[in-house]
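Here the structure is laid out as structure tokens; the discussion comes afterwards.
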Amino acid sequence: MDDKKAEFVQGIFSTASRTSIGFGPAKGKTENKCYWVADDTRDGCVSLRLLGSDLRPMGSPKNVSMAIFYEKFTPEVELWDFLVLKKVEEGDRHRDCGEYDMAETCYAKALAVDERNVRAAFGLGITYLSVGRAEESNMIFNKLSKLKRGLTQEHKHLFNEFGMALRRKNMLDEAVKYYEKALELAENDENLFLNVARAYLEKGQLERAAEYVKKALALKPDFAEAIAFRKYLEKKGCMDFTFS
């Protein structure tokens, strides 16, 4: 967060000011601290939102130049961890335990501070899907899949997880879409290719399934699950495809 050449600034920062209190011999100064969420950087400026007394963003964003930002604003790493990272981790734990209402609350609190937090959005999307709110879940993942910034190869697991959750609910077209998004982030993952093949198999599109099995085996010829899948497809009559 202290790299002045960074293209993207994110986190919680503080500014401090000193004001006079009291009169005469009792006169003194007190320090006032304000906390801000920095969540964007454009045209040499940082976009900041003031945190209210409830530690939630309030009001309209304020833009300051990079020079002023690095001079006046101090990173508050522990507060960022508490309001965002810890809430996401807490949400994950509740979701793993099937405590979906509590998971939703945790993810929502994290997103209130960091609306672009990929892990929190994924967690909320999976939570919605788990309780049958498929339309809301799909809206979240559609937005995530269109992100131009913030997605890394590590996020392939999240798209893959959502694809598996959709496949379990027989939402096969949607599952394929998110598996394909995972492959955009990690095109050399044989397991992802096999997951796409499974979805096509369940859709009854054996030839498409065979294409993805071949891709998995091209990456890992001794991939036992893909070999078994290949043999199954061959028994089903996919003879137009040459497997090697």
Side-chain angles (χ1 to χ4, degrees), residues 7-8 85 88-89 91-98 103 107 116-130 132 134 137-244:
E7 295 183 357
F8 183 66
L85 304 184
V88 175
E89 291 172 0
D92 289 345
R93 288 194 297 272
H94 286 305
R95 181 166 58 85
D96 289 342
C97 294
Y107 293 133
R116 293 180 179 86
N117 190 284
V118 176
R119 276 191 60 200
F122 265 100
L124 189 58
I126 293 288
T127 298
Y128 283 156
L129 188 63
S130 300
S137 179
N138 212 27
M139 286 177 59
I140 290 175
F141 280 90
N142 271 328
K143 289 180 181 179
L144 284 169
S145 65
K146 294 173 184 175
L147 283 179
K148 301 297 183 183
R149 180 178 58 198
L151 293 180
T152 67
Q153 190 177 65
E154 294 178 359
H155 293 124
K156 71 175 182 180
H157 300 295
L158 299 174
F159 281 106
N160 182 48
E161 181 182 350
F162 188 55
M164 290 189 293
L166 288 165
R167 187 168 67 86
R168 286 193 293 269
K169 290 186 174 294
N170 203 39
M171 299 171 67
L172 301 175
D173 290 335
E174 292 87 349
V176 168
K177 180 172 71 172
Y178 293 110
Y179 285 143
E180 294 281 11
K181 183 63 182 182
L183 282 168
E184 288 180 22
L185 301 174
E187 59 185 15
N188 293 320
D189 189 319
E190 67 276 4
N191 291 293
L192 286 174
F193 282 120
L194 201 62
N195 281 343
V196 180
R198 290 190 183 101
Y200 277 120
L201 175 65
E202 293 178 24
K203 281 165 61 68
Q205 297 178 242
L206 302 189
E207 293 182 354
R208 289 289 284 158
E211 291 177 20
Y212 282 88
V213 171
K214 284 197 293 184
K215 291 177 181 179
L217 287 169
L219 290 171
K220 188 177 180 181
D222 62 346
F223 190 6
E225 290 182 64
I227 291 170
F229 205 145
R230 178 194 67 190
K231 292 177 179 177
Y232 174 82
L233 290 172
E234 288 173 338
K235 288 180 180 179
K236 288 291 184 179
C238 287
M239 304 307 293
D240 293 337
F241 291 84
T242 301
F243 294 97
S244 58

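Numbers here simply count residues along the sequence, with the first being 1.
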query: Do Glu225 and Lys220 sit within salt-bridge range, that is, some charged N less than 4.0 Å from a carboxylate O?
result: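 Result for this pair is no, no salt bridge flagged.
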message: Less than 4.0 angstrom from a charged side-chain N to a carboxylate O is my criterion; do Lys177 and Glu180 meet it?
response: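 Looking at Glu180 together with Lys177, the answer is no, because their closest N to O distance does not fall below 4.0 Å.
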Can you tell me how far [atom2] of [Y] sits from [atom1] of [X], rounded to the nearest 0.5 angstrom?
{"X": "Lys169", "Y": "Ser137", "atom1": "NZ", "atom2": "OG", "value": "9.5 Å"}
{"X": "Arg167", "Y": "Arg198", "atom1": "CZ", "atom2": "CZ", "value": "6.0 Å"}
{"X": "Leu124", "Y": "Leu129", "atom1": "CG", "atom2": "CG", "value": "11.5 Å"}
{"X": "Leu219", "Y": "Asp189", "atom1": "CG", "atom2": "CG", "value": "8.5 Å"}
{"X": "Asp222", "Y": "Glu190", "atom1": "CG", "atom2": "CD", "value": "9.0 Å"}

[X] to [Y] - nearest heavy-atom pair and separation:
{"X": "Arg95", "Y": "Tyr107", "answer": "NE-OH, 3.1 Å"}
{"X": "Ala199", "Y": "Leu172", "answer": "O-CD1, 4.2 Å"}
{"X": "Tyr179", "Y": "Asn195", "answer": "CE1-O, 3.5 Å"}
{"X": "Leu185", "Y": "Lys156", "answer": "CD1-N, 3.9 Å"}
{"X": "Ile227", "Y": "Pro221", "answer": "CD1-O, 3.6 Å"}
{"X": "Leu217", "Y": "Ala226", "answer": "CD2-CB, 3.6 Å"}

- prompt: Who pairs with Tyr212 by ring pair (Phe, Tyr, Trp, His ring centres under 6.0 Å), at least two apart in sequence or on another chain?
  reply: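 Ring pair (Phe, Tyr, Trp, His ring centres under 6.0 Å) check on Tyr212 returns Tyr200.
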- request: Determine, step by step, whether Asp92 and Arg119 satisfy the side-chain contact (heavy atoms from CB on, under 4.5 Å) criterion, reporting the C-alpha distance in whole Å, the side-chain angles of both residues, the deciding distance to 0.1 Å, and the verdict.
  value: CA-CA 9 Å; Asp92 289 345; Arg119 276 191 60 200; 2.4 Å; yes
message: Ring centres under 6.0 Å, that's the criterion: do Phe141 and Phe122 meet it?
response: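 Yes, the ring centres sit under 6.0 Å apart.
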task: Would you please test Phe159 and Leu144 for side-chain contact (heavy atoms from CB on, under 4.5 Å) and show each step?
output: CA-CA 9 Å; Phe159 281 106; Leu144 284 169; 4.3 Å; yes
Salt bridge (charged side-chain N to carboxylate O under 4.0 Å, His left out) between Glu211 and Lys214, intermediate numbers included: CA-CA 5 Å; Glu211 291 177 20; Lys214 284 197 293 184; over 6 Å; no
message: Can a donor-acceptor pair be found, under 3.5 Å and without considering hydrogens, that links the side chain of Tyr178 to the backbone of Met164?
response: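 Not at all, since once roles are kept as given, no pair shorter than 3.5 Å links the two residues.
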task: Under the side-chain contact (heavy atoms from CB on, under 4.5 Å) rule, what do Phe162 and Leu158 come out as? Steps first, then yes or no, please.
output: CA-CA 6 Å; Phe162 188 55; Leu158 299 174; over 6 Å; no
task: Would you check if Asp173 and Lys203 make a side-chain contact, meaning some heavy-atom pair closer than 4.5 Å?
output: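 Contact flag for Asp173/Lys203 side chains = yes.
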field: Partner residues of Asp96 under the salt bridge (charged side-chain N to carboxylate O under 4.0 Å, His left out) criterion, sequence neighbours left out
entry: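 Scan of Asp96 (salt bridge (charged side-chain N to carboxylate O under 4.0 Å, His left out), adjacent residues dropped) gives none.
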field: Glu187: salt bridge (charged side-chain N to carboxylate O under 4.0 Å, His left out) partners, not counting sequence neighbours
entry: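 Counting only residues at least two positions away or on another chain, Glu187 forms no salt bridge (charged side-chain N to carboxylate O under 4.0 Å, His left out).
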